[in-house]
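Everything below concerns the one structure shown next.
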Amino acid sequence: MTASVPPFHPGSPEEPLGYDPSAVEARWRQRWVDRGTHSVDLTNGARPFYALMMFPYPSAEGLHVGNLFAFTGCDIYARFQRLQGHTVFEPLGYDAFGIHSENFALKVGKHPMELIPSNIRNFRRQLDRAGLMVDWGRSVDTTDASYYKWTQWVFLQLYKQGLAYKKAGAVNWCPSCKTVLANEQVIAGACERCGTMVEQRFLEQWFFKISDYAPRLLTNLDTLDWSATTIQAQRNWIGRSEGAKLRFRVLDPLTDAGSSAVAVTTEMRTAGPEIEVFTTRPDTIFGATYLVLAPEHPLVDTLTTPMQSGVVAEYRARAAKQDLVTRKTNKEKTGEFTGSYAVNPATGEMIPIWIADYVLMEYGTGAIMAVPGHDERDFEFATVFELPIIRVVAGEGQGARTPFDGAAYTGDGVLVNSGAFDGVSVGEGIAKITAWLASKQAGEAVTNYRLHDWCISRQRYWGPPIPIIYCDACGTVPVPEDQLPVVLPNIPDFRPDDSGVSPLARHEEWYRVPCPQCGQKARRETDVSDTFLDSAWYFLRYPSVGRDDVAFDPAVTKKWLPVTTYIGGNEHAVLHLLYSRFITMVLHDAGMLDFEEPFTRFRAHGLIIRDGAKMSKSKGNVVNPDEYIEQWGADAFRTYLMFLGPFEEGGDFRDGGISGVKRFLDRLWATVRDADPAASADPEVQRKLHATIKKVGEDVPSLSYNTAIAAMMEYMNVLRKGERQPARAEVEPLVQLVAPFAPHIAEELWEMMGHGTSVFASRWPAYDPALLESDTIELVVQVGGKTRGKVRVAKDVSQDAALAAAKADSAIGKFITGEPKKVILVPGRLLNVVV
RNA sequence: GCGAGAGUGGCGGAAUUGGUAGACGCGCGGGACUUAGGAUCCCGUGCCGCAAGGCGUGUGGGUUCGAGUCCCACCUUUCGCACCA
């Protein structure tokens, strides 16, 4: 915690008599616990409202302002809903497994099992201090066996449905650290910790078949009340694209090897295999002059001719050695010819088959038909290797022979050099050519998704062991549900080694177990699961915390789920939210949930920045919430965070700004203290009060916290204008409006005004629409579109009367020269006189 | 490159269906109370100008009685995805 001390002025700011935030806040923290204010009756609570926030990773650094910003925003929303008469369930827990904790533990030389509990204690202290309405009786800690028992159970449900399977997948491997790395840990092809160049390894991994759910995950998005940016991100990630799968017949490599002069005709019968490609542009098939397979494509061995086998093997080895990130970033085209040819089903011509790393095994079929005339990447490749480029689409002003000007033409147009399809538009051509090729058994229309299966294996220590046992006789056997949890053993040597498998694989005493089916010697799966699995179902657990016999109780789940409102960061727009939706759908399909979308409403909050940059230790601009809360109180800090800017966009943290919010709370305190209990409300003040109740009541549910606070400040200025003495009736509702933002002081003031129960047991004040308007208004007068002044007139003034009033006003009248050409009256707003 | 968003005072940010641009707060200036003020309270504060007035929402056009808001072109910038065929 260096360089994070904000430049406070020495000495505490002076507070109005009696207002000591730390004393007030301590008192109410205790009362809330004593009175059980935040523990919810899940069985009988009326009008259930599940307010969810994204649970934090309990780091050793402690709570980040970003966390507090998100939690406060959620808490305000939840407290507001409570004042609306809902029974609000606001749980919070800890997402404490994963590579972050593990790496940190390795760095400081402590064991995560010792580190995490102390981090959690510190988090809990900070969270309590912030005044959140959290029901701590129902918290979760993903690293606790009572929780991950059910995470393992979730895995088994997927396994049962055939949605969990094992296959070899590519991972990043650091040969120096001897460990698997996540893509984010690879910086420019090197390991982020030691700088060694990272390689690719193929390891057997467990996957979840989320790709089966791609169409549903996509179409359901239309039914969700979510932030538009989040929906968009999911759409892009799922990446639906329509096109065709086309089959290219391969010429027999043995027959044709080395005889490039052979005349190939469509009549030539060959016994070779077929290559399937995916394309979104089947209309351009007449321009497909070669095929490209991913280096990892299973057909490469069969296709490679003896003459080419040396260079191909070398190229494949190089591609395999390269890490995944660099391969996808490096755009220079490389590749090798396999020596084989295929037949273009449209032209009947012989085209060469290449391999190149710009074709990815994980997308489509791992093979493409290259149309260099109309695809930029293929154009680059064809240029490098001098392959033929044919025009098959002509845009405006182009013809069949228009040369390419150093680039592919990817625009719209009509087909040319395409036999019977010449003159057909691109759009029509896609459908017609697909149908034509389908009639020749050479392909069919398909929809492809970018989303690929979710790899959940981690060759690491700090996670829930995957509940699988391998038996020589019975094969892969799931751990029976009644034998869960598979407890993660406390081992001192949890550092990964060069074996490429989890540290647990070094512990024979742990992984040697009898087969649950036959009793013979067997071994446990030694990989642990991805942290995203822990968080993909935690919201199902909260209401059922304490139940050791089920993951989630059907009755309580039916009452409380799906989540009413989820508020969280858009950094989880894709993975966490998508995985949660997937797991929910799977459990729904298994008949365990009666809904298939877990989060009815989701809102993404913005990011807090400071000095124009994201807060980070390396930039030295991190704010320590403890110091601010100590200095200003949690109420002021909460309100200030919300006042920085629009909640959904984030804000710029400036040290000086909090004083304005604190002053507002001080004035609120003084106003209650000085209020005259007997006086009746001043009509003008009351009008403003009702306008404020309306405004705040509209702004809070739309998360416009900054403008809600501004409105309350504005009201305070009216209330105390010229040091007037306030009437109690004028300030009492304001205390209720402030309550969601600054709950401690609101409780204290509510009590000071003689209420025996919590302000949160009161109901949100109502406003009287009749009080909002007065009989006269200030009408803005423009002359020729320029504002010249304003006149006070009756609310429903006629145009003529308004014009007369404007002329009568000397400051305005002098601009009205001659007879007006046109007069526009916007009732209640303005008058524009055109001269 | 693709997708989504954002450009408004010294600063963070407000602005209903197109209808007083700059709410609210910070900062700054003046005053009151004070031994004192970095506390509190009051008043002021977009820019130019003594004033009348003029000019102002990234740039250039357009629509309109009237544009921060709508349309066209462009510039800058943030975030996400990125050789996705």
Side-chain angles (χ1 to χ4, degrees), chain A residues 9-16 227-233 235-237 239 241 243 277-281 284 292 327-333 356-360 362-371 375-378 380-381 410 448-452 570-571 573-574 606-607 609 612 614 640 643-646 649-661 663-664 666-667 670 704 706-717 720-723 778-790 814 820-826 828-835:
Chain A
H9 300 305
S12 279
E14 221 167 274
E15 271 130 11
S227 291
T229 52
T230 315
I231 300 240
Q232 192 58 43
R235 253 195 206 117
N236 293 344
W237 188 262
S241 60
V277 304
F278 173 73
T279 178
T280 54
R281 295 293 304 275
T284 62
V292 188
R327 170 165 167 186
K328 290 192 178 186
T329 328
N330 185 6
K331 311 242 157 142
E332 279 155 43
K333 296 288 174 288
D357 68 359
Y358 82 95
V359 174
L360 308 174
E362 71 258 24
Y363 186 76
T365 60
I368 61 158
M369 66 174 203
V371 184
D375 181 283
E376 286 169 23
R377 297 150 302 177
D378 297 343
E380 278 176 45
F381 190 84
T410 56
N448 194 56
Y449 295 89
R450 199 189 79 107
L451 179 68
H452 37 257
N570 233 358
E571 67 273 17
V574 176
L607 229 58
I609 58 167
K614 217 167 137 177
Y640 178 54
F643 189 59
L644 290 175
E649 281 162 42
D652 193 347
F653 194 97
R654 281 153 301 119
D655 296 314
I658 193 170
S659 63
V661 165
R663 188 168 303 129
F664 168 71
D666 286 343
R667 293 177 83 193
S704 304
N706 57 331
T707 52
I709 294 166
M712 292 188 284
M713 289 173 162
E714 213 176 314
Y715 177 59
M716 177 62 76
N717 290 340
R720 300 313 299 270
K721 192 164 179 71
E723 295 184 80
E778 294 229 294
L779 191 70
V780 173
V781 182
Q782 296 183 339
V783 180
K786 285 183 193 268
T787 303
R788 295 301 183 184
K790 46 195 171 184
K814 67 179 173 185
K821 270 195 236 160
K822 191 171 180 183
V823 179
I824 294 140
L825 176 73
V826 182
R829 290 201 174 279
L830 65 64
L831 179 78
N832 190 7
V833 184
V834 186
V835 291

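Chain A is the first sequence line, chain B the second, and so forth, proteins listed ahead of strands; every chain is numbered from 1.
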Please list, for nucleotides 21-24 of chain B, all pairs of protein and nucleotide N/O atoms separated by less than 3.5 Å.
from, atom 1, to, atom 2, distance (Å)
B:A23, O2', A:E714, OE1, 3.0

ask   = Rounding to a whole Å, what distance do you find between A:Y363:OH and B:A82:C1'?
value = 13 Å
inquiry  = Heavy atoms only, 4.0 Å cut-off, all strands: where does A:V359 land among base, sugar-phosphate and nothing?
reply    = base
query = Below 4.0 angstrom from OP1 or OP2 of B:C65, is there any side-chain N or O of A:K822?
reply = yes
request  = Just compare B:C81, B:C65, B:A4 and give me whichever is closest to any side-chain atom of A:I824.
outcome  = B:C65
ask   = Tell me: CG of A:D652 to P of B:U78, nearest whole Å?
value = 15 Å
request  = Could you state the atom-to-atom distance from CD1 of A:I368 to C1' of B:A85 in whole Å?
outcome  = 6 Å
message = Does A:R829 contact B:U16 through a side-chain donor or acceptor facing the base, at a distance under 3.5 Å?
response = yes
ask   = Under 4.0 Å between a side-chain N or O of A:K786 and OP1 or OP2 of B:C55?
value = yes
task = Using a cut-off of strictly less than 4.0 Å, decide whether A:R788 has a side-chain nitrogen or oxygen near OP1 or OP2 of B:G54.
result = yes
request  = Report which part of the nucleic acid A:L360 touches: base, sugar-phosphate, or nothing (heavy-atom distance under 4.0 Å, all strands).
outcome  = base
key: Conformer about C1'-N of B:G9 - syn within 90° of 0, anti elsewhere   = syn
ask   = Expressed in angstrom and rounded to an integer, what is the separation of A:R667 atom CZ from B:A39 atom C1'?
value = 15 Å
note = The dot-bracket string of RNA chain B, counting Watson-Crick and G-U wobble pairs with both distances under 3.5 Å, using [ ] for crossing pairs and | for pairs to another strand, is (((((((..(((......[....)))((((((.......))))))(((....)))..(((((..]....))))))))))))....
Rounded distance (Å) that lies between atom C1' of B:G80 and atom CD of A:Q232 = 10 Å
ask   = How close or far is atom C1' of B:C83 from atom CD of A:E362, stated in whole angstroms?
value = 11 Å
message = Whether the side chain of A:K821 and the base of B:C65 hold a donor-acceptor pair under 3.5 Å is what I'd like checked.
response = no
remark   = To the nearest 0.5 Å, atom CG of A:L825 lies from atom CG of A:L831 at 5.5 Å
ask   = Toward the 5' end of RNA chain B, which comes first, A:G656 or A:T280, by nearest nucleotide?
value = A:G656
message = Could you work out, with side-chain hydrogen bond (donor to acceptor under 3.5 Å, both in side chains) as the rule, every residue matching A:R788, not counting sequence neighbours?
response = none
task = Starting from P on B:C81, measure out to CZ on A:R450 and report it in whole angstrom.
result = 9 Å
remark   = By nearest-heavy-atom nucleotide on RNA chain B, the more 5' of A:G784 and A:R663 is A:R663
inquiry  = Testing the 3.5 Å rule here: is there a donor-acceptor pair between the side chains of A:S227 and A:N570?
reply    = no
task = Report the relative orientation of the aromatic rings in A:Y363 and A:F278; use parallel for angles under 30°, tilted for 30 to 60°, perpendicular for over 60°.
result = perpendicular
request  = For A:V834, answer base if it contacts any base atom (sugar-phosphate contacts may also be present), sugar-phosphate if it contacts only those atoms, and nothing otherwise; contact means non-hydrogen atoms under 4.0 Å.
outcome  = sugar-phosphate
task = Would you name the heavy atoms of A:N832 and A:G784 that are closest together and state the gap between them?
result = OD1-N, 3.6 Å
Spacing of A:E649 atom CD relative to B:G13 atom P, expressed in whole Å = 8 Å
